[in-house]
Structures are given as structure tokens and as C-alpha cells.
Amino acid sequence: MPSRYLITSALPYINGVKHLGNLIGSVLPADTYARFLRQNGCDVLHVCGTDEHGTPAEIAAQEEGLAIDVYCQQMHERQKLIYENFGIEFDFFGRTSSPSNHAFTTEVFKKLYENGYIQELYIDQYYSFDDQRFLPDRYIEGTCPYCKYDRARGDQCDGCGVLLNPEELIDPYSAISKSRNIALKKTRHFFLDMPKLEAEMTLWVEKQALWSDTVRGIAKKWLKDGVRPRCITRDLKWGITVPLNWIFAQKGQPIETVELDEVYNWAGEDKVFYVWFDAPNGYVSITQDWALSINSPDEWKKWWQPEKEQDVFYVEFMAKDNIAFHTIFWPAMMIGSGMNIKKVDDIKGFHWLTYDHGKFSTSQKRGVFTDVALELYPADYWRYYLLANCPESSDSDFSFEAFAAVVNKDLADILGNFVTRTIALHKKYCDLTIGIELTADNIDVQLSDRVNSATNCIAQLLSERKFRAASAELRALWALGNEYIAQKEPWQVLKTSQEQGEVILTHCLHLLRVFAIAGFPFIPYTSCKIFEILNDDSKKLRATSIANCLSFTCFNKGHKINDAYCLFEKIDDDTVQKLTQRFSGEGA
RNA sequence: CGCGGGGUAGAGCAGCUUGGUAGCUCGUCAGGCUCAUAACCUGAAGGUCAUUGGUUCGAAUCCAGUCCCCGCACCCA
């Protein structure tokens, strides 16, 4: 057993509020897993943060009329608050624009350079005079030389799918300003020498036993087709500055002695690392920021540079588009740097969440975004639905119709209703005061066995990070409550025997406690509410492992409980229709 | 032959690695109960596992071919 569990969620990009797919594609399952491990008493660190560099961020800031740093600051706070309100408990939610990430990324680069994994090449890049900037490949459009599609991008043609270089485009123009006043300029860039790392990466990928077929498949595909030098720098202002002084010093050619034009070309001092190069380093630098925040600056090493590799078990959560970076490029950077940074053990990759059989779309306002979601319904509704229906093995669809069906049935009818009926009976016949204690003589062994079997199963599935199956088993556990109470009919028994009736009801109260503990990784707010009703200490929710969490002796004679209330409001058909219409992105 | 994912009861999915009488949830229908958010419990109906061929005593599961659906278009994970 590893002594520590390191968990990272893919860093959400800064340029806007994320949608439900982002939530279920990384941070929510990661939080669920982290909560589960913490209940088991494991030492867990879960970090995430905003990915802030790159052209899309600059353009988004420009559109908002804000300076880039101000924009990022605001958007970071906004995203952070939304995750908090979903009950995502990061140890630290950091930023890739932080000083620590500047420092760490620079160090990674220097080590790669010293170890001979960095190549310098001049490349031709388009400069837009009207935009006054170099244009990243995807911001140049033109006609595809192969299929003649007239809106091909500089990196790829969407007409025929061929991968392109920008200079291949016929009649190119700036996608930002549509200006054709652009010209190819030579500019010096740095490349990560992937071919040199290929053999080592292949070995490393082969070694991975835990990765799913999908993850392994993507990794192998990139090893097969994607092994070529990858450019790691861009000509931009916003980012982590490439340490040119240091580089020229390394060459024994002090920068002062070199013609500026020759060195920088058009980029002047605006040469920064490409966002893909600095973003994953954020996992480490954010941990460093976490360490600073707890006044133990070296604490991050416990996680990223453990004495023994197997002391830390590291799981990354992400959507499938990110898998190549996490299976190949970032590990290659870390291996090449020789910095002895802990590498990932398992990668939990998610497929896409579609919206009402189509795509989420920011520009069309189609789909539910995380800020609006919380205005509509409490966090646990979303958490439960998304976990129970997560795109684990293939894409899955979100629709309000399905959402309402699941919320109404599972949360309201199965769980919520069991809470209400149990407490109502107790109030009526026992005055919300526990009058008996359960002992070996009166404990229902059959129930006990079934509950233990279910909780063990949930724990096992969570430890394997199978969220859909774990949710289904949680639901089955809830159903045991209704089954038990229907079979025992305490409302009948109580008419003839107070004691026998109370034995049944006390079993039900303990079941509620089990539901709260087992549900805590999934629907923490609800679990807290149930514990309040039971008048139990909510700290125990965080410190009781799910497997075998059943104990029929938690409540002493005389223990008072609180009255229940409706835990889940149902969603009616009319509302479903209105919401479906509202978020369809058509007309509106 | 562009890449990737998928085709299993009306809907949504599991099973496929390691072949052996087809499973879960919702929905439908029929009973039961009345403590409860018109909730709950029990039972039933409903599938030749896209299709063709092969391997095998035996294939949803392995192999080969065919067909169909989805994403790879701003945004976006």
C-alpha cells in the first residue's frame, strides 16, 4: 500500500466559465476519489488550478477590454468559487501564471537544455502587421493545398483533416483581424527533441499496467506517429519568458555581444514558452504554492520527489483530448529533465459529455455551464447525476429529461423518501428519542450481511475508480432501506409491540448513517444533512471508511435526533421542458 | 482505405480481457402496502446481443469482411 495518494485534475483553461463536461471530465471524479481515500485515513493531496497562458487568453481579455493579468485574476477567482460551490475540495487551486510556475518551468527547460534535449531551429512564422503580433498556426486561415477548402487553419485542414504547416496555405489571412497584410518572418524557436526520448518513452509506456485500453491506445498512437521535435516556444507577451540571457551565456556568447535583430528577430523580448510546455508543470508548481501556503516550503517534495517511487500513488484525471500530453509529452519532459519528478501511475481518461445529443457550445450558448447549473439546482443533484452517468467508457449524453428522471427517482424517491418515512415513523412512535439499544440478540444479521456486502462493493469500485458502477451500487444500497422497511412493516408491529417496532426503526436510523457515510464522496452536502438529522458528529463522515462502515451500536439509549424535511425537490415535466428550451441554444 | 469512439429489450447502459443457459436502471403492465416527497415493496411481459462468414462441442464474447451512428467546424474537455 502506498502511503500517499497524489491526485491532479486537468487544469481548466482560463478563458471562460466551464461547462458540465469539464466538471465530470476531471475535477468531480477526482474529488470523489479523494474524499473516498480520505475517509480511509489515507494521506491525500489533490491539486488543480487555472491554465492561464496562450493566445486564446489574450484574445478573451482583449474582448473583455481588460489587461490580461487582470482578466486572469478575475477569471481565476470566479472559477475557484464555482468549484468550491460544487463541493470540490482541492488542497490548493493554483495558477500557471504564478511565480513558482515561472521558476519551475524555467528550471525544467534549463535541465532539458543541459541534457541535450533542446534543439534550436529557425522557423518561418506569419506576422500580422495589423494585429501587431505573430500568429499562432491556428489563427491563420487560408485555402488548403490538398482539398482547396477555403477555411483551412494553419495547423490542420478541417475540410480533409490533413495536418498542415501554415506556410502551405494558399492565400493566407489572419483569423483574428481577417487581414491579408501578413508576412512570413524567420524567428528562432526551441524544440523538445522527442526522437531522442522515444526509446525511453516507449519503455515507460510499455511498463504501465494500470492504464485503460483507451489511454494506452492513445499513448501508443502518439509514439507511433507523433515522435518528432515539438516546438516549445511562441512569440507572445503573455507567458513564461524564455531565459535567453542564460542560453547565450551557456554558449559562451554573452547576449550583449549579439545583434538584437539576429537573436530575437521580430519577437523582441516576447518569447515565451508554448502553453502546453508550461501548463502541466503547474501540477508541481501549484503543489509548491500549496506548500508555501502551509508554511512548509519543502513539503511539495514529499509528493513529487518521494524517497521511493512507490511511496506515492499518483492518479491524473482528464478528458480524452489531454491524454497524449499526459502520457507522452509531459512525462518526456520530466524524464529528459532528470529532475526525478514522480510520474503518473494511473490516468483516468474520460470521454465527452454531449448535450442533448449535440455538442456543448459556448458561442451558441448551448448546454449548461457550471455557474448557471448551481443557480438551478444544488450541487449534489449535479454531482450524483454526472457521476452516475459519467462518460467513462464512451461518450454520454446530458439532457434535462434524463437529469430529472435520475434526480426524481434515485435521490428523491429512493433516498430522500426513505429518510422522511423513517424519521416520520420515529417521531410518531418514539418521539425522536432512541429508546433501545441494539445488541447481538436483536440485530438483523441478514440485513447486516447485505449492507456490508454492498458497502464493501462500493469501496472496491471507488478504489478502482469505476464511478458509474460505484454509483449504481450506492443506489442499490439505498434500495435496501426501502426493501427492509417494507418487509418489516414497523407501522404494523408498533401497534402491538413498542419494543419490536423500535428495534426495526433503530435499524433504519443506522442504515441512514451508512447511507450518509457511503454517499459522502458522491453527495457530501446531503450526507451532512443526514448526519444533522441523526444528530451525529459530521467529522465522522470524513473519517469513517465505507467498507464495513456499518455498526448497529452508534446511538445510545436516550440519543435525540432531529426532525426530517424534504431533502430533494422533484423536477416536474413542465420545468424539464422549459429548461430544455432555455439551454438549447436555438433562437433564444 | 484519414483518426478515434460506438452499434446488446421502448430508452440509457453492463457483460467482451480469461468463450459455456443474456444482466442492471428507467419506462410499461399486474399485485401488495399505507409509515413516507401519489412515494415504497413484490412479480411479469419485452432482446435470434448491427450484419455476413470463419474458429470451436459451444461465440454477445475470439478472427476476417460488410453496413450504420457520433466527434474530429467558432467556442470547448
Side-chain angles (χ1 to χ4, degrees), chain A residues 9-13 15-27 51 56 59-60 138 141 149 151-153 156-163 175 212-214 217-218 221 225 317-323 349-355 357-367 369 388-389 391-397 399 401-402 405-406 408-429 466 468-469 471-473 475-476 479 481-494 501 504-505 508 564-570:
Chain A
S9 299
L11 309 183
Y13 197 65
N15 69 338
V17 170
K18 305 291 107 174
H19 56 59
L20 295 177
N22 174 277
L23 197 65
I24 191 55
S26 60
V27 297
D51 170 11
I59 290 172
R138 52 190 279 225
E141 292 178 357
Y149 177 66
R151 279 175 50 213
R153 286 175 297 145
Q156 187 171 14
C157 172
D158 295 319
C160 62
V162 68
L163 294 175
S212 70
D213 290 346
T214 307
I218 291 173
K221 178 182 179 290
D225 306 334
F317 290 80
M318 71 197 66
K320 58 186 173 186
D321 63 323
N322 248 322
I323 291 173
F350 287 89
H351 295 250
W352 304 129
L353 183 73
T354 56
Y355 180 81
H357 307 291
K359 295 182 69 185
F360 279 87
S361 167
T362 309
S363 55
Q364 286 176 33
K365 301 202 188 322
R366 187 182 143 74
F369 289 73
N389 298 284
E392 214 165 18
S393 56
S394 62
D395 292 357
S396 72
D397 189 57
S399 69
E401 196 184 346
V406 168
N408 291 348
K409 195 70 198 171
D410 294 6
L411 294 181
D413 292 348
I414 309 274
L415 175 60
N417 182 49
F418 181 70
V419 175
T420 329
R421 67 195 301 205
T422 298
I423 303 298
L425 273 171
H426 205 276
K427 186 180 182 185
K428 186 169 173 185
Y429 291 101
K466 293 179 178 168
R468 249 183 131 114
S471 306
E473 199 57 39
R475 195 201 114 98
N482 286 310
E483 206 180 305
Y484 174 75
I485 204 170
Q487 190 194 342
K488 294 292 179 183
E489 298 185 314
W491 51 89
Q492 287 291 348
V493 175
L494 280 158
I504 298 166
L505 288 185
C508 290
Y565 51 94
C566 186
L567 288 178
F568 302 100
E569 295 286 347
K570 289 206 201 184

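Just so we're on the same page: letters track the sequence lines, and every chain starts at 1. If you're wondering where the values come from, they're calculated on a predicted model, not measured in any experiment.
- Between B/G27 and B/A64, the distance separating the two P atoms is 41 Å to the nearest Å.
- Side-chain atoms of A/W491 lie closest to B/C33 of the nucleotides B/G12, B/A77, B/C33.
- Rounded to an integer number of Å, the gap from A/N389 CG to B/C13 P is 9 Å.
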Exercise. Using Watson-Crick and G-U wobble pairs with both distances under 3.5 Å, what is the 5'-to-3' dot-bracket string of RNA chain B, with [ ] for crossing pairs and | for pairs outside the strand?
Worked result: .(((((((.[[[[.)....(..]]]].(((((.......))))).....[[[[[..)....]]]]])))))).....

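- Distance OH (A/Y355) to P (B/C70): 19 Å, rounded to an integer number of Å.
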Sort me out a list of protein N/O and nucleotides 38-45 of chain B N/O pairs below 3.5 Å, or just none if empty.
residue: B/A39; atom: O5'; partner: A/K570; partner atom: NZ; Å: 3.2
residue: B/A39; atom: O2'; partner: A/N417; partner atom: ND2; Å: 2.5
residue: B/C40; atom: OP1; partner: A/K409; partner atom: NZ; Å: 2.8
residue: B/C40; atom: O2'; partner: A/R421; partner atom: NH1; Å: 3.0

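- Not a single salt bridge (Lys or Arg N to Asp or Glu O under 4.0 Å) links A/K359 to another residue, sequence neighbours left out.
- For the pair A/S393 and B/A14, the criterion of a side-chain N or O lying under 4.0 Å from OP1 or OP2 is met.
- One C1' atom belongs to B/G47, the other to B/A60, and the distance between them is 11 Å to the nearest Å.
- Closest to the side chain of A/R468, out of B/C13, B/C75, B/A77, is B/C13.
- For A/E489, taking side-chain heavy atoms from C-beta onward, the closest of the listed nucleotides B/C3, B/C13, B/C33 is B/C33.
- Within the nucleic acid shown, A/H357 has no heavy atom closer than 4.0 Å to any nucleic acid atom.
- Residue contacts for A/K359: at a heavy-atom cut-off of 4.0 Å it reaches a base atom on one of the strands shown.
- Separating the CZ atom of A/F418 from the C1' atom of B/C35 is a distance of 11 Å, rounded to the nearest angstrom.
- For A/S394, taking side-chain heavy atoms from C-beta onward, the closest of the listed nucleotides B/C35, B/C75, B/G6 is B/G6.
- With C1' as the reference atom, B/C1 and B/G20 are 37 Å apart, rounded to whole Å.
- Straight-line distance between the P atoms of B/C24 and B/C62: roughly 23 Å, to the nearest whole Å.
- Nucleotides of RNA chain B nearest to A/D213 and A/L567 differ in position, and the one nearer the 5' end is that of A/D213.
- Note on A/L353: a base of the nucleic acid sits closer than 4.0 angstrom, heavy atoms only.
- Rounded to whole Å, the C1' atom of B/C13 lies 30 Å from the corresponding atom of B/C75.
- What separates CD of A/E569 from C1' of B/U37 is a distance of 8 Å, to the nearest Å.
- When the C1' atom is used for both B/G53 and B/C67, the distance is 15 Å, rounded to whole Å.
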